[in-house]
Amino acid sequence: MSVILIFLAGLAVIITWWMAQQRLTSKPWLEVGRASDPARYDGSSIPTAKIGLGVFLAVVGALFTLFISAYFMRMGLADWWAIPIPGLLWANTAVLALSSMAVQWTKIEAQRGHIDAVKFGLLASFATAVGFLIGQLYAWRELVAAGYFIADNPANSFFYLITGMHGLHILGGLVALGRTTVRVWEGNAPLGKIRLSVELCAMYWHFMLLVWLILFALLAGWANDLVEICRQLLT
Amino acid sequence: MVNIPSSIDDPIPPAEVEDVELYHSHSWWTTYVFSQDAKVIAIQYSMTAMSIGVVALVLSWLMRIQLGFPGALPFIDAERYYQFITMHGMIMVIYLLTALFLGGFGNYLIPLMLGARDMVFPYANMLSYWLYLLAVLVLVASFFAPGGPTGAGWTLYPPQAVLSGTPGGQDWGIILMLVSLILFIIGFTMGGLNYVVTVLQGRARGMTLMRMPLTIWGIFTATVMALLAFPALFVASVMMLFDRLLGTSFFMPAIVEMGEQLKHNGGSPILFQHLFWFFGHPEVYIVALPAFGIVSDLISTHARKNIFGYRMMVWAIVIIGALSFVVWAHHMYVSGMNPKFGFFFATTTLIIAVPTALKVYNWILTLWRGDIHLTLPMLFALAFIVTFLNGGLTGLFLGNVVVDVPLSDTLFVVAHFHMVMGVAPIMVVFGAIYHWYPKITGRMLDETMGRIHFWVTFLGAYLIFFPMHYLGLLGMPRRYYEMGETAFVPPSAHTLNEFITIMALIVGAAQMLFLFNLFWSYRRGKDAGGNPWRATTLEWQTPTTPPPHGNWGKDLPIVYRWAYDYSVPGAAEDFIPQNQPNPDRISREHMS
Amino acid sequence: MAVVLILVLVAVASVVFHLLSPWWWTPIASNWHYIDNTIIITFWITGFVFVAVVLFVAYCVFRFRHKPGNRAHYEPESRKLEFWLATLTAIGVAAMLAPGLFVWNQFVTVPSDATEVEVVGQQWLWSYRLPGADGRLGTSETRDVTSDNPLGLNKNDPAGLDDVIIQGGELHLPVNKSVKMLLRSIDVLHDFYVPEFRAKMDMVPGMVTYFWFTPTRTGTFEVLCAELCGVGHPQMRGTVIVDTEEDYQTWLQQQQTFTQMMASGETKTVN
């Protein structure tokens with residue numbers, strides 16, 4: 001469970017930093033009327049939807065961190081045989097990275113107001129993300145064909161479980177991306193709205209890419225080496 | 001009430017956050033059923049939670065009858081008994097208390113108390129309720145599935161939860177249970193995002209964090225915790241579902257069941273317990289913190305006195321919330337985990353007692369030199385103090401690792417958690433309903449019925465659970481379908497069990513009176529007016545009661561003071577609403 | 001006024017109930033009276049706090065209940081008072097925690113002269129295994145469980161061949177000798193629980209858990225399962241008999257070893 005505790009400690013630092021700006025030591029009964037510091041009285045000037053997505057990503061982060069915690073705890077038991085990583089995953093990773101870059105490019109184009117570029121960018125990121133998912137399914141098929149079934153070994157079980165969970169999150173992201181694409185295509189949404197939507201998609205996409213890179217490192221076994229190094233440093 | 005800037009030295013800067021765009025409903029369906037109004041969603045959440053709560057209440061009757069008078073109801077066999085206790089526990093903890101405090105009170109009070117028109121993401125808020133309803137329906141469906149609901153105990157410990165020696169283990173019961181939990185968690189996350197972000201972004205101008213009522217602090221902190229703790233239950237549920245359906249071995253070691261070797265190999269049941277309690281312990285505070293917050297406001301309002309030590313109350317809520325993530329293994333002292341953990345978790349657990357005790361002191365110090373109106377909400381608040389104190393103190397037994405060894409898995413534990421997490425928060429739920437019902441409906445709940453309900457519930461519940469500790473001390477284990485002949489259990493213990501059962505039946509019946517009161521007063525209750533308790537917080541200052549969709553009419557309120565300006569020296573009235581500009585110019589410097 | 005009276009009554013009646021309750025812990029039969037002592041300390045401290053707070057509330061309600069013309073005192077906070085209350089509480093908590101951790105340290109430190117006794121749980125039956133003449137228990141594995149080897153002992157481990165196996169019978173222990181109970185389960189969670197010994201621990205399939213104690217008086221004690229293990233949970237009972245050394249030896253001689261058990265199992269299959 002130490003991984004999730006480290007994650008929560010990180011969140012605690014962010015929350016503490018935020019709370020430190022909220023004057024939690026002030027004496028509110030002495031401050032009748034409006035104090036001289038009006039900016040602090042309202043919510044943040046960051047768009048509400050962005051804050052909402054930020055909080056949501058913290059929850060998703062906790063979810064994947066807990067899977068990783070469980071992975072490490074289960075890995076310590078005797079019957080663990082690491083699963084070979086299909087080479088296809090490298091290609092998939094590249095495709096997902098491409099998708100992330102496409103959304104980033106779209107975001108920049110949206111800020112410049114190039115609607116046609118935005119349309120193209122959205123389609124490109126949508127297509128690459130779908131490509132990633134198909135690639136993942138192929139990787140599964142490859143493993144099953146090679147005889148690595150889900151129930152044979154906990155390493156196999158975790159592989160399917162974690163990649164599947166990540167895939168579902170990408171799928172959920174595709175719904176949001178698809179809605180944005182449709183809205184841009186219909187052409188009656190104000191530019192500000194489109195910018196925000198694309199920005200939110202970009203945030204989510206980069207986050208899911210980051211999660212994937214961590215998961216990939218974990219499943220490929222490099223994370224174990226890292227943990228081993230940490231353990232040796234500590235002892 | 002119209003909000004007029006009071007004087008020149010109270011300049012009002014322009015709003016920095018845009019007014020929320022309200023979803024406009026067009027038909028009866030979108031106004032009352034698929035509504036995006038947080039208040040309607042709150043009522044939907046509360047009604048659903050209370051309905052499923054009645055099921056849990058009936059289940060508790062049935063199990064108590066079996067314990068007090070074994071065999072009196074022949075249809076309660078061991079299988080059914082375990083199904084009843086499991087469903088009772090699960091419903092009460094998750095589908096009633098969590099849903100009611102966060103989905104019910106959270107939805108109703110957050111926008112109103114903060115001076116917002118609605119939650120920030122109304123559509124997700126609506127989805128949250130419908131997913132919750134779906135989760136409840138899946139749970140209910142398990143009663144009708146072949147094999148019935150799961151009987152694994154609410155903790156659902158593997159391996160037994162998915163084996164045939166447990167009701168529902170190899171049937172549909174456990175599957176539906178896990179699916180229902182997963183749905184609940186997804187739905188809750190949608191609602192939870194709303195509660196958190198509304199507190200962050202939706203506050204009226206002037207509503208600093210330190211001007212928020214403690215109710216909001218409690219709900220806010222509890223929601224943050226829930227958002228981070230529920231994923232652990234989600235992970236555990238998904239993994240157990242894999243074990244059950246796909247034959248994986250996350251939690252399942254090599255097992256010989258009834259002489260037959262199963263295919264599982266090498267899994268760790270303790271891993272499940274870590275994940276479960278990583279959720280399960282914060283869950284206690286997810287229920288308790290909103291109760292702490294609400295009861296602070298009830299005591300302050302009805303004692304006409306500011307809450308004593310507001311800052312300490314806020315810090316204590318935050319500290320308790322943070323600490324509750326590093327105490328989970330105190331549920332696992334005798335689980336077979338590394339015994340060295342006991343030192344750490346006993347220490348963290350007992351440290352939590354300090355901020356919690358400070359909260360109790362501040363509640364009772366608020367009563368000191370107050371002007372105590374013994375209204376129904378105040379009575380329930382007093383009952384909360386007594387029962388929470390009792391349950392909290394017995395927590396010091398169970399949290400202290402070695403003291404827990406003889407007491408764990410006995411009725412002492414059952415008595416403890418019912419007192420601290422069952423009776424005490426439910427006292428707050430009742431107090432809160434008597435307090436806010438006038439705002440929700442415009443009418444007061446009937447006082448006579450209310451008083452009968454209060455005395456029977458408070459004294460009855462105390463008489464059920466206080467003596468039960470001593471049965472645990474005697475050594476009677478929990479989760480026993482029947483005690484049977486046991487050498488160390490004297491006949492008097494069975495008499496006590498009969499007494500407890502009779503009290504449970506009476507207390508349960510009193511809740512029917514309460515439900516009747518809810519319906520009766522809706523039509524026949526006394527007219528309440530906008531602010532019957534003469535309270536300071538914003539929800540009582542709405543232009544109309546009950547507040548319409550959008551809450552505030554044309555102009556949003558502006559906040560000039562904290563939530564506890566009761567009996568301010570020099571002020572004409574004994575309360576000053578939060579949105580009242582400063583007419584009195586009272587110097588308060590000497591009061592620091 | 002009814003409220004005041006009832007609050008006082010709740011405090012007083014709780015104390016009276018505690019003092020007069022016929023339901024109290026079973027007479028102890030092990031060395032863990034330390035645990036009982038920590039419970040007593042905890043009762044004193046928590047009992048005092050409970051009575052003090054409830055009586056204070058009752059007094060407040062009596063003294064400051066609403067009368068026409070009353071007005072509450074205005075007092076946002078008092079750092080001094082809060083500081084002292086926090087300090088006092090911390091001292092009270094420490095007074096419970098310190099002895100608790102001290103005793104826990106004893107609880108998890110098994111004396112080196114403790115004899116090992118294995119308890120195996122399965123739905124819904126207790127079995128036991130004692131080391132044979134060599135004083136060591138042989139290895140075991142859930143995968144090796146068969147109908148004629150119900151505890152899954154390793155047949156190739158010489159240390160296990162002379163182990164004494166008691167399936168579904170009574171366990172005898174010699175008085176005043178420390179025992180380390182090794183706990184194992186072959187199906188679901190169980191918990192070996194004898195109220196008179198105070199100690200208990202879950203049995204988890206796939207691992208071996210333990211606790212230790214010293215029986216301090218002879219007698220017959222009932223074993224219960226304290227961790228929900230399916231519908232038969234309440235029927236999962238057993239008996240532990242604490243004997244004098246001579247009685248224990250007499251009993252031990254009559255028990256079957258693993259080798260004998262397998263031999264008798266084979267004759268049965270031959271027949």
Side-chain angles (χ1 to χ4, degrees), chain A residues 1 4-5 7-8 11-12 15 18-19 22-35 38-49 51-56 58-60 62-67 69-70 73-74 76-80 150-151 153-154 156-158 160-161 165, chain B residues 6 9-13 15-17 120-121 189 193 196-197 200-203 205-211 224 227-228 231-232 234-235 238-239 242 246-250 263 265-268 271 274-275 278 306 310-311 314-315 318 322 325-326 560-562 564-565 581-582 588-589 591-592:
Chain A
M1 301 298 280
I4 182 70
L5 286 180
F7 177 83
L8 287 184
L11 274 187
I15 293 174
W18 173 76
M19 286 215 157
Q22 303 297 323
R23 300 172 62 239
L24 291 195
T25 53
S26 63
K27 297 179 174 174
W29 54 92
L30 297 178
E31 299 177 352
V32 179
R34 294 192 62 91
R40 296 253 166 83
Y41 281 81
D42 298 311
S44 157
S45 52
I46 302 169
T48 302
I51 292 181
L53 183 61
V55 178
F56 179 66
V59 177
V60 175
L63 179 75
F64 280 104
T65 314
L66 280 157
F67 275 119
S69 277
M73 283 164 83
R74 185 66 182 81
L77 301 176
D79 62 331
W80 184 279
I150 184 165
N153 187 280
N156 304 8
S157 316
F158 266 110
Y160 290 106
L161 173 68
M165 203 44 78
Chain B
S6 60
D9 55 344
D10 276 342
I12 308 230
E16 293 189 9
V17 177
V120 286
F121 311 122
T189 304
L193 287 176
V196 170
V197 180
L200 295 180
Q201 291 292 88
R203 282 171 283 138
R205 279 189 291 156
M207 182 64 91
T208 58
L209 288 194
M210 292 307 272
R211 280 178 177 174
V224 173
L227 284 174
L228 297 172
F234 186 90
V235 169
V238 171
M239 284 165 69
F242 270 49
L246 302 174
T248 55
S249 300
F250 292 120
K263 282 199 182 120
N265 193 39
S268 163
L271 170 58
H274 277 297
L275 288 171
F278 187 81
N306 58 15
Y310 173 81
R311 298 195 293 166
V314 171
W315 302 338
V318 175
F325 278 99
V326 286
Y560 295 92
R561 58 189 70 242
W562 71 329
Y564 299 98
D565 262 348
N582 201 8
R588 302 185 190 202
E589 295 307 326
M591 293 164 194
S592 58

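Every chain is numbered from 1 and lettered A, B, ... according to where its sequence line falls, protein lines coming before strand lines. The model shown is predicted, which means the values in this text are computed figures rather than measured ones.
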**Candidate pair B/W315 and A/M19, rule side chain to side chain contact (heavy atoms under 4.5 Å, CB included), full reasoning** = CA-CA 11 Å; B/W315 302 338; A/M19 286 215 157; over 6 Å; no

**Prompt:** Should B/W562 and A/V32 count as side-chain neighbours, where that means a heavy-atom distance under 4.5 Å?
**Reply:** no

**Message:** With rounding to the nearest 0.5 angstrom, report the CZ to CD distance, B/R561 to A/E31.
**Reply:** 12.5 Å

**Prompt:** Non-hydrogen atoms of chain A under 4.5 Å away: do they reach the side chain of B/Y564, the backbone, both or neither?
**Reply:** neither

**Prompt:** Heavy-atom distance under 4.5 Å to chain B: side chain of A/L63, backbone, both or neither?
**Reply:** both

**Asked** Would you say A/K27 and B/R311 make side-chain contact, with heavy atoms under 4.5 Å?
**Response** yes

**Message:** Between B/M239 and A/S157, is the side chain to side chain contact (heavy atoms under 4.5 Å, CB included) condition met? List the steps.
**Reply:** CA-CA 9 Å; B/M239 284 165 69; A/S157 316; over 6 Å; no

**Residue, of A/A62, A/P28, A/P154, that accumulates the most heavy atom pairs under 4.5 Å with chain B** = A/P28

**Item:** Chi angles and distances behind the side chain to side chain contact (heavy atoms under 4.5 Å, CB included) call for A/W29, B/N306
**Value:** CA-CA 9 Å; A/W29 54 92; B/N306 58 15; 5.8 Å; no

**Complete:** Applying a strict 4.5 Å limit to non-hydrogen atoms, the region of B/T189 in contact with chain A is side chain

**Request:** With a 4.5 angstrom heavy-atom cut-off, could you sort out which part of A/L8 is near chain B: side chain, backbone, both or neither?
**Result:** side chain

**Prompt:** Should the ring pair B/F250 and A/F158 be called parallel, tilted or perpendicular, given that the plane angle runs from 0 to 90° and is split at 30 and 60?
**Reply:** perpendicular

**Interchain contact, A/A70 with chain B, by part (heavy-atom threshold 4.5 Å)** = both

**Item:** Contacting moiety of A/W18, where chain B heavy atoms sit under 4.5 Å
**Value:** side chain

**Request:** Please report the closest heavy-atom contact between A/M73 and B/H274, naming both atoms and the distance.
**Result:** CE-CD2, 3.6 Å

**A/F64 portion near chain B, given a 4.5 angstrom heavy-atom threshold** = neither

**Item:** Proximal component of A/T25, with respect to chain B [non-hydrogen, under 4.5 Å]
**Value:** both

**Prompt:** So B/V235 and A/M165, side chain to side chain contact (heavy atoms under 4.5 Å, CB included) or not? Walk me through it.
**Reply:** CA-CA 10 Å; B/V235 169; A/M165 203 44 78; over 6 Å; no

**Fill in**
Looking only at A/L24, A/V59, A/V55, the option with the highest number of non-hydrogen pairs under 4.5 Å against chain B is A/L24

**Item:** Part of B/F234 within contact of chain A (heavy atom distance under 4.5 Å)
**Value:** side chain

**Structural part of B/A232 lying under 4.5 Å from a heavy atom of chain A** = both

**Message:** Using 0.5 Å steps for rounding, measure from the CG atom of A/L77 to the CG atom of B/L271.
**Reply:** 8.0 Å

**Request:** Grab the two heavy atoms, one from B/M210 and one from A/S26, that are nearest each other, plus how far apart they are.
**Result:** CG-OG, 3.8 Å

